[in-house]
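Read through the structure below, which is laid out as C-alpha cells, and then see the notes.
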Amino acid sequence: MAQAVRTRIAPSPTGDPHVGTAYVALFNYALARQCGGQFVLRIEDTDRQRSTSASEAMIFDALHWLGLDWDEGPDVGGPYGPYRQSERSEIYTIHAEMLVASGHAYPCFCSRERLDELRAEQKAAKGRFGYDGHCRSIDSDEAARRRAAGEAHVIRLAMPTQGEIVVRDLLRGEVSFAAEQIDDQVLVKSDGYPTYHLANVIDDHLMEITHVIRAEEWISSLPKHVQLYQAFGWAPPVFCHLPLLRNADTSKISKRKNPVSVNYFRRAGFLPEAMLNYLALMGFAMPDGREEFSLADFVEAFRLEAVSLGGPVFDLTKLTWLNGKHIRELSPSELLRRLREELLGDRYLLEVLPLAHERIETLADFFSYTNFFFVGDVEYDDAARTKMVIRERTPPQTAKIFRLLLEESLDAILDWSAESIEEALRSFCEANDLKPKELFMPVRIAVTGRAATPPLFDTMAVLGKEICRWRLRSAAETLRTMKA
RNA sequence: GACCCCAUCGUCUAGUUAGGUCUAGGACACCAGCCUUUCACGCUGGCGACGCGGGUUCAAAUCCCGCUGGGGUCACCA
C-alpha cells in the first residue's frame with residue numbers, strides 16, 4: 001500500500017537564510033503538496049557553537065515570506081516532535097547506545113592531536129584521507145570501562161571494510177563506492193551531541209520521511225547513511241540529490257560571489273513568487289516550455305524524476321527579468337500593497353525617517369536624500385569612484401581592504417546594529433593601521449553611492465547586513481578594475 | 001591527491017528513458033529593426049551549442065568505452 005509522502009527541509013540555523021535552502025525547500029514542498037503529503041521543517045541545531053535562535057527566526061521568516069508553509073515544525077508542532085534536534089538529545093543517545101551494543105558503532109578515544117597528525121601524514125603520503133579505525137579494535141569491555149571512567153571519547157560508526165557499497169539515488173540510479181574508501185564517521189561528538197549523519201537518519205526514520213531531497217554535496221556521505229539504516233534495521237527512504245546552485249564561474253554558490261541570503265533578495269525588491277519561479281527553473285522545465293508560472297502551477301506540473309542534473313548557474317539577470325514579468329502581472333493596487341509590504345512599509349520608513357528628519361528642508365527632499373535606502377544596487381559615478389579610494393592606497397588596494405572588512409569583520413556581526421557596526425569598523429581600523437577618518441568615507445560611498453548621507457553606522461544598520469555586504473562587494477569589484 | 005557526480009548556445013533549458021520526425025527548439029543576455037515625445041514594456045529578426053576521440057548501428061545529441069573539462073566530498077560543520 002502506498003505510504004503518504006512526507007518530505008522535509010532541515011536547515012541548520014547558523015547564519016542567514018540561504019537561497020540554497022529555499023531551493024531545496026521548494027522541491028520538497030512541491031513533492032509533498034502534489035502528493036497530498038506533509039512537508040516538515042526540522043531545525044538541525046546540533047552544532048552548539050554556531051547555532052543561534054536569531055538565525056532560526058530568520059529561516060522561519062524567510063520560508064514564510066516565500067510561502068513555503070510547513071505542516072509540522074518547531075513552531076507549529078506536530079505528531080512527530082520535537083522538531084528541533086537540540087530537544088531530541090535522549091533519542092540520539094539511546095539510539096547510539098543501541099548501535100554500540102550491537103557492534104555497529106564503537107567508542108573512539110583518539111585525541112584531536114592524533115587525528116590532526118594522522119591527517120597530516122595522509123596528506124604527505126598523498127593517500128586516502130579519513131580515520132584509520134585505530135580504536136575499533138579496542139575490546140568492548142575495556143572500552144566500556146574507559147567510558148565509565150569518564151575518558152573523553154566520541155562514538156564512531158563501524159563501516160564495512162571491504163566490498164562494494166551500492167546506494168541508490170532517484171535521479172542517478174545506483175552509485176557504488178569501495179568500502180575501503182569510506183571511513184568510520186563520528187556519530188556522537190565528545191560533547192554528547194550527535195553529528196548530522198546520526199541525527200539525520202534517526203529523525204528521518206522516526207518522522208517517517210519518505211523522500212529525502214537534499215543537495216548534492218551529501219551524496220558522498222550517502223553510504224554512511226545507508227549503513228546506518230541497515231545497522232538499525234530500518235528501511236531507507238528514497239534519496240534524491242539535487243544539483244548545487246553555482247556562481248557565474250560554476251563553483252558552488254557562495255556569498256563571496258553572489259548574494260545568497262533570502263534577506264538580500266527581499267530587501268532588494270524581489271517578489272517571493274518570482275524567487276520561487278526562478279528557483280524552480282533551476283533544474284526543472286515545464287512540459288509546455290512556459291517559464292513564468294506560479295507556485296501552484298509548479299506543484300501541479302512538477303516531476304521529481306525530471307529534474308536535470310547539471311549544476312545551474314544562479315543568474316541574477318534572468319531572475320531580475322522574471323521578477324519584472326511578475327511585477328507587470330500585478331494590479332496597481334496589488335503592486336502598491338507589495339511596495340508597502342516591504343520598502344514602503346511603516347516599519348522600514350520609520351527607521352529611515354529619523355535619519356533624514358533634521359537634514360531635509362522640504363518633504364520632497366526626503367526622496368532625493370534617502371533614495372539609496374530604497375534601491376537594490378547603487379551606482380558609483382566618477383566623483384564617487386574617486387572618493388571611494390582610501391587615501392594613500394590604490395583602487396585595488398582599497399578593494400582588498402573592503403573584502404577584508406567584510407570577511408574578517410562585518411560578516412561576523414550577529415546583531416547588526418549601529419553599535420556593533422561602529423565597534424567592528426573601529427577595531428578594523430586599528431587592526432589594519434587605518435585612521436577611522438580614512439576608512440569611513442570610502443565605506444559610506446560604497447554602501448550608499450554618495451558622500452552626503454546620514455551617520456554611517458545608523459545608515460548601515462538600517463540598510464541591513466545583506467544590502468551592505470553586497471554593495472561593499474560591488475564597490476570592491478568596481479575598484480578592482482579601476483586604474484589608479 | 002583519492003573517491004563520487006555531471007557534461008546541448010555566454011547563462012537557464014527542451015530533445016537523451018523507447019536511436020531516425022534535430023539542417024538541434026524555447027528563454028535570459030547581446031545586436032538590429034518595429035512600436036513610441038523619452039524610457040520601459042511589447043513585437044520581428046539576427047548572433048549563438050550537441051567538449052574531444054573511439055566504437056555499436058543502415059542511422060547517434062541520444063547507446064557503450066576512453067579522454068578532457070567542471071563540480072562535490074574527504075571535520076567531534078551541517
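These figures come from a predicted structure and were not determined experimentally.
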For this session: Return the value, rounded to whole Å, for the distance between atom CD of A:Glu121 and atom P of B:A2.
Result: 20 Å

Exercise. For atom P, what is the distance between B:C65 and B:C6, given to the nearest Å?
Worked result: 12 Å

Problem set entry | Residue A:Ser251, side-chain atoms from C-beta onward, closest of B:A78, B:C77, B:G71 | B:G71

For this session: Under 4.0 Å between any heavy atoms, over every strand shown, what does A:Val154 touch: base, sugar-phosphate, or nothing? Just pick one.
Result: base

Exercise. In whole Å, what is the span from the CH2 atom of A:Trp218 to the P atom of B:C6?
Worked result: 20 Å

Exercise. Taking the nucleotide of RNA chain B with the closest heavy atom to each, which residue, A:Ala10 or A:Ala248, is nearer the 5' end?
Worked result: A:Ala248

For this session: Using a heavy-atom cut-off of under 4.0 Å over every strand shown, decide if A:Ser308 touches base, sugar-phosphate, or nothing.
Result: sugar-phosphate

Exercise. Can you find a heavy atom in the side chain of A:Phe60 that is under 4.5 Å from one in the side chain of A:Ile43?
Worked result: yes

Exercise. Just checking A:Ser190: base, sugar-phosphate only, or nothing, at a heavy-atom cut-off of under 4.0 Å?
Worked result: base

Exercise. Can you tell which of B:U73, B:C12, B:C41 lies closest to the side chain of A:Leu281?
Worked result: B:C12

Problem set entry | Side chain of A:Glu216 (C-beta onward), nearest among B:C28, B:A78, B:C5 | B:C5

Exercise. Rounded to whole angstrom units, what separation is found between the NE2 atom of A:His197 and the P atom of B:A78?
Worked result: 7 Å

Exercise. What does A:Arg156 touch in the nucleic acid at a heavy-atom separation under 4.0 angstrom: a base, only the sugar-phosphate, or nothing?
Worked result: sugar-phosphate

For this session: Determine the contact category for A:Gly311: base if any of its heavy atoms lies under 4.0 Å from a base atom, sugar-phosphate if only primed atoms, P, OP1 or OP2 are that close, otherwise nothing.
Result: sugar-phosphate

Problem set entry | P spacing across the pair B:C63 / B:A7, given as an integer number of angstrom | 10 Å

Problem set entry | Donor on one side chain, acceptor on other, A:Asp47 and A:Tyr193, under 3.5 Å | no

Seminar exercise, completed: Re B:C34: Watson-Crick or G-U wobble partner, both distances kept under 3.5 Å, found to be B:G42

Problem set entry | Per A:Thr195 side chain, nearest of listed nucleotides B:C77, B:C6, B:C12 | B:C77

Seminar exercise, completed: Separation of B:G70 atom P from A:Asn247 atom CG, nearest Å, is 15 Å

Exercise. Whole Å only: how far is the CG atom of A:Leu115 from the C1' atom of B:C74?
Worked result: 13 Å

Problem set entry | Residue A:Ala285, side-chain heavy atoms: nucleotide from B:G26, B:G70, B:U13 that is nearest | B:U13

Problem set entry | Between B:C43 and B:U36 - C1' atom distance, rounded Å | 13 Å

For this session: Indicate whether any N or O donor in one side chain lies under 3.5 Å from an N or O acceptor in the other, for A:Tyr369 and A:Asp365.
Result: no

For this session: Can you label the angle between the A:Phe27 ring and the A:Phe298 ring as parallel, tilted or perpendicular, going by 30° and 60°?
Result: perpendicular

For this session: Nearest whole angstrom, please: distance from the P of B:A29 to the CG of A:Leu319.
Result: 12 Å

For this session: Determine, stepwise, if the pair A:Phe239 / A:Arg214 fulfils side chain to side chain contact (heavy atoms under 4.5 Å, CB included).
Result: CA-CA 8 Å; A:Phe239 289 102; A:Arg214 70 218 313 187; 3.7 Å; yes

Exercise. So which nucleotide from B:A29, B:A27, B:C4 ends up closest to the side chain of A:Thr317?
Worked result: B:A29

Exercise. Which part of the nucleic acid, if any, lies within contact of A:Thr14, taking any heavy atom under 4.0 Å across all strands shown: a base, the sugar-phosphate backbone alone, or nothing?
Worked result: nothing

Exercise. When you compare B:U44 with B:C4, how far apart are their C1' atoms, in angstrom units rounded to a whole number?
Worked result: 48 Å

For this session: With heavy atoms under 4.0 Å as the rule, sort A:Gln181 into base, sugar-phosphate or nothing.
Result: sugar-phosphate

Exercise. Is the shortest side-chain N/O distance from A:Arg119 to OP1 or OP2 of B:A75 below 4.0 Å?
Worked result: yes

Problem set entry | Euclidean distance for P, B:A2 against B:C9 (whole angstrom) | 28 Å

For this session: Ignoring backbone atoms, test whether A:Lys189 places a side-chain nitrogen or oxygen under 4.0 Å from the OP1 or OP2 oxygen of B:C77.
Result: yes

For this session: Classify the nucleic acid contact of A:Arg50 as base, sugar-phosphate or nothing, counting any heavy atom under 4.0 Å across all strands shown.
Result: base

Problem set entry | A:Phe302 CZ - B:U13 P separation (whole Å) | 13 Å

Exercise. B:G48 and B:A18: how far apart are their P atoms, nearest whole angstrom?
Worked result: 35 Å

For this session: Provide the closest heavy-atom pair for A:Leu279 versus A:Tyr23 in the form atom of the first, atom of the second, distance.
Result: O-CE1, 3.5 Å

For this session: Could you check whether A:Ser176 gets within reach of a base, just the sugar-phosphate, or nothing at all, counting any heavy atom under 4.0 Å?
Result: sugar-phosphate

Exercise. Can you tell me if A:Asp45 and A:Ser51 form a side-chain donor-acceptor pair at under 3.5 Å?
Worked result: no

Exercise. Side chains of A:Tyr83 and A:Glu72: do they bring a donor and an acceptor to under 3.5 Å?
Worked result: yes

For this session: May I ask you to evaluate whether A:Lys252 reaches the phosphate of B:U73, defined as a side-chain N or O under 4.0 Å from OP1 or OP2?
Result: yes

For this session: With heavy atoms under 4.0 Å as the rule, sort A:Gly283 into base, sugar-phosphate or nothing.
Result: sugar-phosphate

Exercise. Mind checking the P distance from B:G53 to B:A32? Whole angstroms is fine.
Worked result: 36 Å

Exercise. Rounded to whole angstroms, how far apart are CG on A:Leu309 and P on B:C12?
Worked result: 14 Å

Problem set entry | Integer angstrom distance from the C1' of B:A27 to that of B:G69 | 26 Å

Problem set entry | Listed nucleotide nearest any side-chain atom of A:Thr250, set B:C76, B:G70, B:C4 | B:G70

For this session: May I ask you to verify if any side-chain N or O of A:Arg290 is less than 4.0 angstrom from the OP1 or OP2 atom of B:G26?
Result: no

